[in-house]
Amino acid sequence: MVTLTVNGAQHELDVEPDMPLLWALRDVLNLTGTKYGCGIAACGACTVLVDGQAVRSCSIAAADLAGSSIVTIEGLKTGEALHKLQAAWIEAQAPQCGYCQSGQIMAAAALLAEIPRPSDADIDAAMTNICRCGSYEEIRAAIHIAAASA
Amino acid sequence: MAFKPSRRFVILSGLAATGALVVGYALSPFSTLDRARRLTAREGDLMPAAWLKIAADNRVTVYVPHGDMGQGTPTALAMMAAEELDADWALVSAETAPADLAFANGALAKGFLAGDMSIPRWLDGSADFVGRKAAEFMSLQVTGGSTAVRFTGVIGMRGAGAAAKAMLIRAAAESWGVAEADIVARESRLSHAASGRSASYGEMAARAASLAVPDDAPLKAKAAYTISGTSRQRFDIPGKVDGSTRYGIDMRLPGMLFAAALNCPVAGGTLKSVDEAPALALRGVKKVVTTADAVVVVADNTWRAQRALEALAPVWDEGANAALSSASIEAGMNAALDKGDFDADFAEGDPEKAIAGAARTVAASYSVPFLAHAAMEPMNAAVSVHDGMVEIWSGVQDGLGCRAVAAKLAGVSMDEVTVHQLPMGGGFGRRAFNPMMAMTPRHIEQAIAASRATGAPVLVTWSREEDMRQDYYREASIARLKAGLTAEGRIAGWVHDFAERHDPPEATAIHYDVADRTARYVSGTNPMPWGPWRSVDHTVHGFTIESFIDELAAAAGADPLAFRLAHLGNAPRHKAVLERVAGMAGWGTNEPGRAKGIAMREAFGTIVAQVAEVSVGDDGRARVHRMWSAADPGEVVNPATFKAQITGGAIYGLTAALHGGITVEKGRVVEGNFDAYDMVRLGDAPRHEVEIVESGARLGGAGEPGTAPVAAAVANAIFALTGQRIRSLPLRQFDLKTGAQIARA
Ligand code: FES
Ligand code: FES
């Protein structure tokens, strides 16, 4: 049994010690906002926050995260209110197909937590997730919008 | 402009021959319209065309017969309908139309209803060629003068809106006993100034529904547009920022099981046998299911299924392609080109003679590799076989076409198949299944088999490795170009020979002035599975033709821009976009250590000219700092999404130019994941300025044209910077500092 704290709620999971967090979230807890893209930590579609850090959930075992606080895209809102990154993402009309965007937003959340007003160079360094649709300019714009809003 | 009976007649008369059947259902109460009504309408709703519904509560719903791949197609189509309807934009929404014949469009309907297989292969994509293609418009941009363009884009959405408005006005006039001409329809409200009466569209909907659909509803002049041509927020975005949008891979059904699949690694091979025991011994595994060419493990979650699959050692019959390699394919292409058994895209004048008579000859050979689509969402499908019905949930570009293909795969009739078309985590051509295309949705076939075998709904998810190794690839190709140059530096004679032609047929067209010209191709050299890849053959020829034009300019000692402009005497639109992009980019000036390259391509009715600014790093790699694009799509519906499509399309092309290359060894695709098939990321993405040139020409596409010129613009910039002419992609195989080839693509 693994005890996971996801978006503030505790869950008891009967999973193997090596089951990646990604699949525990998606197939066991039915939190499908976190996406599978590569399974080898190469794309970032599966990015979540673990104790505030951006982590590629396909490449970390759920069992290793007992005691950690995990936040997924579903946990970013406060009640019905969008997180400022989500609002900025809408304002910049960032998503195209949208599939990578949960991971992009979670990566950006970790970035803003560390650097509230990131420079372009900070964004280049932190935002390494793949967007196959090529929405990078809009993502960059959205991060600047979110950083500028209180 | 209006829908005149004669115009309608023209289009209807195309019914048998050119596939304009759908117009009938758009404007006439054909049986398909009744069917569409039953599927989407409730009592009191007005639905004058299958695409448009105005409900009693005044809400307007536009039914879009295309999947959402992220190009904003549903929003743009709704904008076109709302414009003509004079709807209050706040009341308008779009829904995916059911995958039903009532919502077939244009040529697709023709293919289905008439069983006519002579449709050009590039129409294959279908009901959503459009989604894929136009991004903005519900039309087959490839077709140029086809009725499909006018029908789906203009007559479909705009016509539906105009007809609905005319019916609402008539209903109000009858109800109030006033003249139609005195009624104003604006922002979803009808009003009559003299009597002070007014009503919402919704209030008049039921009455209007009983009226005949007009033949002559007027269309607005473009100058009167208030919605079309303005940037509007896309409907699909809110669900994509909070994780609530459900793609195929997110489908969950009561009692659902999860599956992973391993396909025969060699294209065309089959499964001989597999010992299921090692998988069945693992936790959570329910069943091992086999198809002719794959093993599928069904478990209680995806990870357990994937892991159990790894425990199996299937025995394959590798078939005819077991010894295939990139080298053998290349050798085959060269041999076929040497042999010269050509078909021609076009042949005008006597190019060989013109070249022989020119002051000098320039010739070059180019090669491009196979490319995978690598959509972010790997192939997947959920299927529930129950009560004799096959119910499918998947992200597909063509719901109706997929339904027909799935029926065949399942061995049932189309009536026994339901397709729920879900948003796609990228498509780029990979998810365009229909009966006329060689791509088989094996993931759907596998999910059908797995659901039948277990009696439960099953979601099959391919691993990234399966997605990449079991793709339908952009073809590898070799091109040999030859042209003459006169003493004055004019092109005299153009011969373009290449291997493997797919679509569209005009992809080899050149718009430069040269009277004697031909483009010829050899076929059958390439056994790898093929599929349409964002902008299709334009990706090949955009690189080769626009690189070769640059070579000619260099040979003539001319500036690449000036050389192009001097050869565009008959192409004012092309000239205009080139001039525009040159101005944007500050052509002729360079920052230290950087240089610019230019290229231009017309694809799917849109002309895009691009400039790329490049430097070469100490690692010998090219870095693209900035790009500029000028695009002429004729007219634009949603400028913000149009620009996003051009920049996104350019990133897709840039990834291919820098990194993209699928290699084949022993019949197997070598690259399996993003570690070996890398992508441009945010930090490598150029700053890209896009300007739209609205020439007023027929609507062109948005999703694909931005991809076509990129590789040539970058390669031409590298030539300008280093003097090295890039004749083979991707660039990662070269050390641009030393000029050495460091790796094989
Ligand atoms: S799925 Fe985890 S990084 Fe790609
Ligand atoms: S929006 Fe499609 S992959 Fe990023």
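Each chain gets a letter, A, B and so on, in the order the sequences are listed, and its residues count up from 1.
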Report which part of Asp120(A) has an atom under 4.5 Å of a heavy atom belonging to chain B: side chain, backbone, both, or neither. side chain

Could you grab the distance from atom CD of Gln93(A) to atom CD of Gln233(B), nearest 0.5 Å is fine? 4.5 Å

Report the distance from atom CD1 of Ile651(B) to atom CD of Glu137(A), rounding to the nearest 0.5 Å. 7.0 Å

Quick one: does NZ or CZ of Arg132(A) land under 6.0 Å from the six-membered ring centre of Tyr652(B), within 45 degrees of the ring axis? yes

Below 4.5 Å, heavy-atom pairs only: which of Glu465(B), Arg681(B), Arg464(B) has the largest tally toward chain A? Arg681(B)

Separation between CE of Met69(B) and SG of Cys133(A), rounded to the nearest 0.5 Å: 9.0 Å

Between Pro423(B), Ser463(B), Gly284(B), Gly395(B), which residue shows the highest count of heavy-atom pairs closer than 4.5 Å to chain A? Ser463(B)

Chain B contact via Ile123(A) - which portion, at a heavy-atom distance below 4.5 Å: both

If we define contacts as heavy-atom pairs under 4.5 Å, which of Thr647(B), Thr245(B), Val680(B) has the most with chain A? Val680(B)

Closest non-hydrogen contact found for Tyr247(B) with Gly98(A) is OH-C, 3.1 Å

Quick one: what part of His373(B) sits under 4.5 Å from any heavy atom of chain A, side chain, backbone, both or neither? backbone

Hey, are the side chains of Gln104(A) and Leu682(B) touching, using non-hydrogen atoms and a 4.5 Å cut-off? no

When you compare the side chain of Trp303(B) with that of Arg26(A), does any pair of heavy atoms fall below 4.5 Å? no

Sub-3.5 Å donor-acceptor pair from the side chain of Asp27(A) to the main-chain atoms of Thr302(B), do we have one? yes

Glu16(A) side chain reached by Arg307(B) side chain, heavy atoms, under 4.5 Å: yes

Can a side-chain donor-acceptor contact be found between Gln645(B) and Gln96(A) if the only test is distance below 3.5 angstrom? yes

Heavy-atom pairs under 4.5 Å with chain A - which of Gly683(B), Ala375(B), Gly672(B) has more of them than the others? Gly683(B)

Considering only heavy atoms, which portion of Ile130(A) lies under 4.5 Å from any heavy atom of chain B: side chain, backbone, both, or neither? both

Roughly how far apart are Asn129(A) CG and Met679(B) CE, rounded to 0.5 Å? 13.5 Å

Electrostatic pair Lys35(A)-Asp250(B), nearest N-O below 4.0 angstrom: yes

Do any N or O atoms from the side chain of Arg234(B) and from the backbone of Pro95(A) form a donor-acceptor pair under 3.5 angstrom? yes

By a 4.5 Å heavy-atom criterion (distance strictly below it), what part of Arg246(B) contacts chain A: side chain, backbone, both, or neither? side chain

Hey, which of Gly75(A), Cys97(A), Gly44(A), Ser102(A) has the most heavy atom pairs under 4.5 Å with chain B? Cys97(A)

Evaluate side chain to side chain contact (heavy atoms under 4.5 Å, CB included) for Tyr36(A) paired with Glu377(B), printing each intermediate quantity in order. CA-CA 7 Å; Tyr36(A) 166 64; Glu377(B) 180 193 12; over 6 Å; no

For Val241(B), does its backbone N or O pair with a side-chain atom of Gln86(A) as donor and acceptor, under 3.5 Å? yes

If you compare all heavy atoms of Pro378(B) against all heavy atoms of Gly37(A), which two are closest, and at what distance to 0.1 Å? CG-O, 4.3 Å

Evaluate the criterion side chain to side chain contact (heavy atoms under 4.5 Å, CB included) for residue pair Asn30(A) and Arg252(B); output intermediate values, then yes/no. CA-CA 8 Å; Asn30(A) 197 23; Arg252(B) 299 292 183 268; 3.1 Å; yes

With rounding to the nearest 0.5 Å, note down the distance linking SG in Cys43(A) to CG in Asp675(B). 11.0 Å

Ranking Ala685(B), Pro238(B), Ala374(B), Gly426(B) by heavy-atom pairs under 4.5 Å to chain A gives rank one to Ala374(B)

Nearest non-hydrogen partners of Arg304(B) and Val15(A), listed with the distance: NH2-CA, 3.9 Å

From OG (Ser135(A)) to NZ (Lys240(B)), nearest 0.5 Å: 10.5 Å

Determine whether a donor-acceptor pair (N or O, by modelled atom type, separation under 3.5 Å) exists between the side chain of Tyr136(A) and the backbone of Pro686(B). no

So which of Cys38(A), Cys100(A), Ala42(A) has the largest heavy-atom pair count under 4.5 angstrom toward chain B? Cys38(A)

Between Tyr99(A) and Ile249(B), is there a side-chain heavy-atom distance shorter than 4.5 Å? yes

Structural part of Asp236(B) lying under 4.5 Å from a heavy atom of chain A: side chain

Answer whether the closest heavy-atom distance between the side chains of Asp242(B) and Glu74(A) falls below 4.5 Å. no

